[in-house]
Number of protein chains: 2
Amino acid sequence: MEGVDYHADERSKAEFDVEAMKIVWAGSRHVLEVSDRIARLVASDPVFRKDNRAILSRKELFKNTLKKAAHAWKRIIELRLSEEEASKLRNSVDEPAYTDLHWGMFVPAIKGQGTEEQQQKWLPLAYRMQIIGCYAQTELGHGSNVQGLETTATFDPQTDEFVIHSPTLTSSKWWPGGLGKVSTHAVVYARLITDGEDHGIHGFIVQLRSLDDHSPLPGITVGDIGMKFGSGAYNTMDNGVLRFDQVRIPRNQMLMRVSQVTREGKYVQSNVPRQLIYGTMVYVRQTIVADASTALSRAVCIATRYSCVRRQFGSQNGLETQVIDYKTQQSRLFPLLASAYAFRFVGEWLKWLYTDVTQRLQANDFSTLPEAHACTAGLKSITTTATADGIEECRKLCGGHGYLHCSGLPELFAVYIPACTYEGDNIVLLLQVARFLVKTVSQLPSGKKPVGTTAYMGRAEHLLQCRCDVQRAEDWLKPNVILEAFEARATRMSVACAKNLSKFSNPEDGFAELSADLVEAAVAHCQLIVVSKFIEKLQQDIPGKGVKRQLEILCGVYTLHLIHKHLGDFLSTGCITPKQGSLANEQLRSLYAQVRPNAITLVDAFNYTDHYLGSILGCYDGNVYPKLYDEAWKDPLNDTVVPDGYHEYIRPLLKQQLRTARL
Amino acid sequence: MEGVDYHADERSKAEFDVEAMKIVWAGSRHVLEVSDRIARLVASDPVFRKDNRAILSRKELFKNTLKKAAHAWKRIIELRLSEEEASKLRNSVDEPAYTDLHWGMFVPAIKGQGTEEQQQKWLPLAYRMQIIGCYAQTELGHGSNVQGLETTATFDPQTDEFVIHSPTLTSSKWWPGGLGKVSTHAVVYARLITDGEDHGIHGFIVQLRSLDDHSPLPGITVGDIGMKFGSGAYNTMDNGVLRFDQVRIPRNQMLMRVSQVTREGKYVQSNVPRQLIYGTMVYVRQTIVADASTALSRAVCIATRYSCVRRQFGSQNGLETQVIDYKTQQSRLFPLLASAYAFRFVGEWLKWLYTDVTQRLQANDFSTLPEAHACTAGLKSITTTATADGIEECRKLCGGHGYLHCSGLPELFAVYIPACTYEGDNIVLLLQVARFLVKTVSQLPSGKKPVGTTAYMGRAEHLLQCRCDVQRAEDWLKPNVILEAFEARATRMSVACAKNLSKFSNPEDGFAELSADLVEAAVAHCQLIVVSKFIEKLQQDIPGKGVKRQLEILCGVYTLHLIHKHLGDFLSTGCITPKQGSLANEQLRSLYAQVRPNAITLVDAFNYTDHYLGSILGCYDGNVYPKLYDEAWKDPLNDTVVPDGYHEYIRPLLKQQLRTARL
Ligand SMILES: Cc1cc2nc3c(=O)[nH]c(=O)nc-3n(C[C@H](O)[C@H](O)[C@H](O)COP(=O)(O)OP(=O)(O)OC[C@H]3O[C@@H](n4cnc5c(N)ncnc54)[C@H](O)[C@@H]3O)c2cc1C
Ligand SMILES: Cc1cc2nc3c(=O)[nH]c(=O)nc-3n(C[C@H](O)[C@H](O)[C@H](O)COP(=O)(O)OP(=O)(O)OC[C@H]3O[C@@H](n4cnc5c(N)ncnc54)[C@H](O)[C@@H]3O)c2cc1C
Ligand SMILES: [Ca+2]
């Protein structure tokens, strides 16, 4: 039945123009065109095959990743791809590799923290991949608290060198991707010591391996840290361990944009403001939010398509009911579909924020930085947490078959979840947001105007006493009503925290004691940001038949499911009444019914190839069962009918060659 | 530093007798003694080593499992272990294997559904493992809806045989554990057809493989369904696919305890009541609840011990703060610790319920069965969901290192999560509970007295209008206050659902439309059961210094964290006021402080060996970092310093043998 579209019926139900929605999702017609073209290129290239990942041994798996990375590079060159196209190609290959860190962390670190001179020396080498770099910050004993790192970089004025050293076991670098087996260089973060004085953590470019034969340089012990979560998944990456035994590097390999060590060993600050590093953080976290929407949308795409194929119980015209028709299935799945879109739009906005921050930095305007920093930290946290949970929920939505590796969901989950931990542990980040919120609240009486995403707090007086007007379920569709409810909730939670904190004589004790409440206030604030950016998006002109209408429905689902989920917040702060809460739920149910006929087309709009999705349950044509069946036989266990081990371990049992005793 | 206990300080803080708590956790001194002895036996036997699971190929992994299963059987015989000891030994081996299904499903199916005669024929063979059996119910296209299975068993009166057949691709048996490569026999569920008439689903004993050479019998196609979630994990199991091409079995291999086919092909019901099968279900689900407390307690043990080792930020006597001292860490971890204990006790109670149900069945008393069935279905659902989520939360609580396979948490998660799906999808089960609750509510006016765990609904009138008395945080420690709040919430949610349902002209439409709300009402009811069983446990005499006190604290944590988590329920039903909700939270915080010094000893009380835990982060002595470091070097990727693939895929890049173009 090649070529039959088992979802054709479903697709014909759509009430909007899927091609126009694809453009909205991609961000522009141009981006859609590039992504689409590159994704097909990758999908059709046998070297980029990925369906065998689960059955490869660690060594084979890793070697295969090296092969793909080299092949990707070769294609990039042969096809003279632009930077945009090259980066899309790496994404489409869809396999964690050392190149992620080389391009995503090593290069940006040099760009952000290197002097002009250093950039001129190192970036061309990196751009041409004549050197391969990684980002070596975390140590065995130190992660979230970067200031606690133990690696030392001691200046030796005699030789004009830094001596990089790992003084303890816990100071071993641990986790850096690309470090274990590939990188020739690393940006190493270490405690700078000049003349016995500790100046805190700074970055240094350190060569790790010989460019001739790849062997580690003297004084360097380096290796892979071993298997991580899942099969395939992130095990394609050589996260590494690294120890330095008095390794010497020239002085000019300290990244000196912000502070310098002179020939004489004097530590001096440059006139470049320290806040610059926030710019890089905003950039990196913005990409993480974008990745969240991608990962979640993949999972949702799989679960939605399979929920249309899967039938269980009931009966319509002789067939059982498609499980997507069950309200419980909808109430679990559609909020995730809406979240994928919500995260997409807030990610798009973060891109704008990054540009805005960068321009302001260039104009020496640091006023919005703390707010932008808190906002990106918080959005990184809530979007990655929701995505990790959402992928697993999608897997459960697929019943037993979701547990098969070939459903694609196990590997998607295993690959995704570290996003909750790296670039800032999600709880640690929320505590930073909370700190910023409490500070913002405390400055309100002084008349200091909150900026950016905290601007609403300027209306705290109103928000602390306003009442929600909702009287009928449909009232919950009004953007202003929604916005005010979320603003009121966030304000009241932050203000309540601030009030409770003021009861402590030592504010730090209070912060520690109330930190769980503070985290909840931070979540409320961050959810408001996502909600408000979704609503703002809908105020724009959005072309395409029915497209805007669908997004309005999804926006309703996103916001009302949050109200339902966090009803305790809304009720306990008196933002809404129990009756209004139940109206919200009623409205939510009716929105699910409106999503239902469009569900499959809303996930088609992500425009994922079957190669990229990597899921039999999510395949575009919906021909799930024959594909599952064929896939099973490929497992090496099926190479022989009688399994290896039968003669040693099964037959003796059956033949009672072990005599039974009391059993 | 062999033999040093890095947790000694922590352990010295305990305010209770850990040995007495071990007995409480185990259930009795006898069980503790047996578990302890057997667990040590397994831990010290090199054949049962499991730390290499992640790096074995599927075939090696599977062969290794066969080896362990045979070795376990050999030890059981050599040591003349009792049934209790044998089952503990299989548990301690801690690796999914075909034996789980043989003992856990195949044998019970024959016991429960076979006639006396059938039991006499088949059970001795199974007990001696002269045959190995599995449980073949689920099909590629049919899982939750057993009545939708397609496999047919057609009676042929000419030969006095059933013809077992797979008429479609979707009728292929799919998922049964032990089927793929090992089982010689299966209990196969199929649609019984006599003389053209379909009698629905029945069980049949079918031989699959030759007892001589293990090759599949004629007409049988059988194999493994391929890789599942994770590495190691459940991939040690040969979940299988099975197709029948007109396979003939003698008539007496239909399991005929409840209904029979006579020699003439007449379908007759025996006088054994159909409800009997509920007994087996109660039994199986009771073991699942017990397993939930085991899995969750393992994860909690790992996260607790590591949270005492891990230090980040702050500073006490020069060292950073142990992360377990952060309130956010406590507010995530301690509710899970409390849940592990809560599930343990409700599991214990379910064991009693099973005995009770069995005795009643023997006395032909079916009055409590529907309630017992709903109760076990619901408890299976909420405990497995909470455990799956809890394991992943524990992993996140360990920061980056939790993502390493050697933390034990990835594999624990991967192995555990199918419990949310098998033996009844958790949502489907909650819908069954909801159906029962709505029925119970609807029968209240007629004066029908609700029994067992729904007895509280008999006081619906009071519970619908009572008010919570809490005025100070400490009031939340009173068992009656807690119980009434949970009873009121559950009653009000069920009654509200029933009221909303009555607005629909067709009750089934109403049930479908409101199913998401119904699921929430079911959860409220099931949580009440766990709460009430914990409280009942505390009304018993519990010996040992400080033991009861600790359990009271944990009970408080369990109940108050639920109130916090489901605050929306409690507020919207008017069971408590916002002020009372915030007092509950305050009390919860103070309970965390009381758990803190006892945390590590509360997890020591689980009495897990390091072998069983299988986690470097959770090792008993807390010597985490050197063990992590040593473990890394064991990865095959570290066999060589320069990785396989360097010459083909890294060197050509570095050497620019691929010429750069526009980049
Ligand atoms: C797949 C992966 C890839 C990585 N790649 C790199 C890389 O390329 N380069 C690199 O340098 N690093 C890398 N890392 C390391 C990563 O950045 C750290 O794991 C991350 O910063 C978290 O730190 P941690 O592991 O020390 O967690 P910890 O900080 O030890 O967290 C443990 C627990 O303590 C809690 N906690 C910590 N501090 C506080 C606090 N102040 N208040 C309350 N709770 C607290 C956390 O919430 C968490 O529950 C990677 C990690 C992973 C998993
Ligand atoms: C590891 C593992 C081991 C197993 N071992 C065995 C074994 O030994 N023998 C055996 O026979 N089987 C076995 N199974 C199969 C298992 O019993 C089924 O997977 C399980 O019954 C769930 O059915 P399903 O997969 O068809 O899910 P589905 O029913 O297809 O569920 C898919 C989705 O539909 C939803 N849904 C389904 N019906 C409804 C409804 N009425 N209302 C609302 N929502 C609904 C579910 O909630 C879920 O979200 C195993 C499965 C696994 C994963
Ligand atoms: Ca208003």
Side-chain angles (χ1 to χ4, degrees), chain A residues 54 57-59 63 66-67 70 74 77 80 128-129 140 143-145 169-170 175 181 214 223-231 241 312-313 327-328 331 399-400 403 405 410 418 421 427 515-516 567-568 571-572 578 581 625 632 635-638 642-646 649 653 658 660-662, chain B residues 54 57-59 63 66-67 70 74 77 80 128-129 140 143-145 169-170 175 181 214 223-231 241 312-313 327-328 331 399-400 403 405 410 418 421 427 515-516 567-568 571-572 578 581 625 632 635-638 642-646 649 653 658 660-662:
Chain A
S57 74
R58 181 82 205 281
K59 269 173 152 173
K63 186 173 178 185
L66 296 180
K67 181 178 177 180
K74 186 158 162 274
I77 291 164
R80 308 177 144 264
R128 287 198 294 262
M129 298 202 87
L140 187 52
S144 297
N145 181 20
L169 180 76
T170 46
W175 272 119
K181 292 287 150 184
H214 213 60
D224 185 272
I225 59 171
M227 286 289 285
K228 289 149 290 193
F229 201 128
S231 60
V241 44
Q312 209 75 238
F313 297 101
K327 279 280 160 188
T328 47
S331 71
Y403 189 63
H405 187 269
T421 305
I427 295 296
S515 56
L567 191 58
L571 293 179
S572 65
Y625 296 120
D635 194 281
L637 258 194
N638 289 326
V642 173
D644 195 15
Y646 163 69
Y649 307 124
L653 284 191
L658 311 163
T660 52
R662 271 160 63 197
Chain B
S57 74
R58 179 82 205 280
K59 268 174 154 171
K63 187 173 176 183
L66 295 180
K67 181 178 178 179
K74 187 159 162 274
I77 291 165
R80 304 176 148 264
R128 288 197 294 263
M129 297 200 88
L140 186 52
S144 298
N145 181 21
L169 181 76
T170 46
W175 272 120
K181 292 287 151 184
H214 212 61
D224 185 273
I225 59 171
M227 285 289 285
K228 289 148 290 191
F229 201 128
S231 60
V241 43
Q312 208 75 237
F313 297 101
K327 279 280 159 183
T328 47
S331 72
Y403 189 62
H405 187 268
T421 305
I427 295 296
S515 56
L567 190 58
L571 293 178
S572 64
Y625 296 120
D635 193 281
L637 258 193
N638 288 326
V642 174
D644 194 15
Y646 164 70
Y649 307 124
L653 285 191
L658 310 163
T660 52
R662 272 158 62 197

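All values below were derived from every heavy atom in this structure, side-chain atoms included, with hydrogens, water molecules and symmetry-related copies excluded. Below, chain A is the first sequence line, B the second, and so on; all start at residue 1.
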At a 4.5 Å cut-off on heavy atoms, which part of [X] comes close to chain B: side chain, backbone, both, or neither?
X        : value
A:Thr170 : side chain
A:Leu571 : both
A:Thr421 : side chain
A:Leu169 : side chain
A:Asn145 : both
A:Ser331 : side chain

| request: Considering only NZ, NE, NH1 and NH2 on the basic side and carboxylate oxygens on the acidic side, decide whether B:Lys59 and A:Asp644 come within less than 4.0 Å. | output: no
Identify which of [options] forms the greatest number of heavy-atom pairs closer than 4.5 Å to chain B.
options                                : result
A:Ile427, A:Asn638, A:Val241, A:Leu567 : A:Asn638
A:Ala516, A:Gly230, A:Gly226           : A:Gly230
A:Ser57, A:Gly143, A:Ser144            : A:Ser144

| message | Shorter than 4.5 Å, heavy atoms on both sides: which option in B:Pro410, B:Pro578, B:Gly223, B:Gly645 has the most such pairs with chain A? | response | B:Pro410
| query | Among B:Val642, B:Ile225, B:Asp224, which has the most heavy-atom pairs under 4.5 Å with chain A? | reply | B:Asp224
| What are the two closest non-hydrogen atoms of A:Met227 and B:Ala54, and how far apart are they? | CE-O, 3.6 Å
| task | Nearest 0.5 Å please: distance from the CG atom of B:Leu653 over to the CD1 atom of A:Ile77. | result | 8.0 Å
| task | Working to the nearest 0.5 Å, report the span between NZ of A:Lys181 and CG of B:Leu637. | result |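 Separation between the atoms: 6.0 Å.
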| task | May I ask you to decide if the ring planes of A:Trp175 and B:Tyr403 are parallel, tilted or perpendicular, using 30° and 60° as cut-offs? | result | tilted
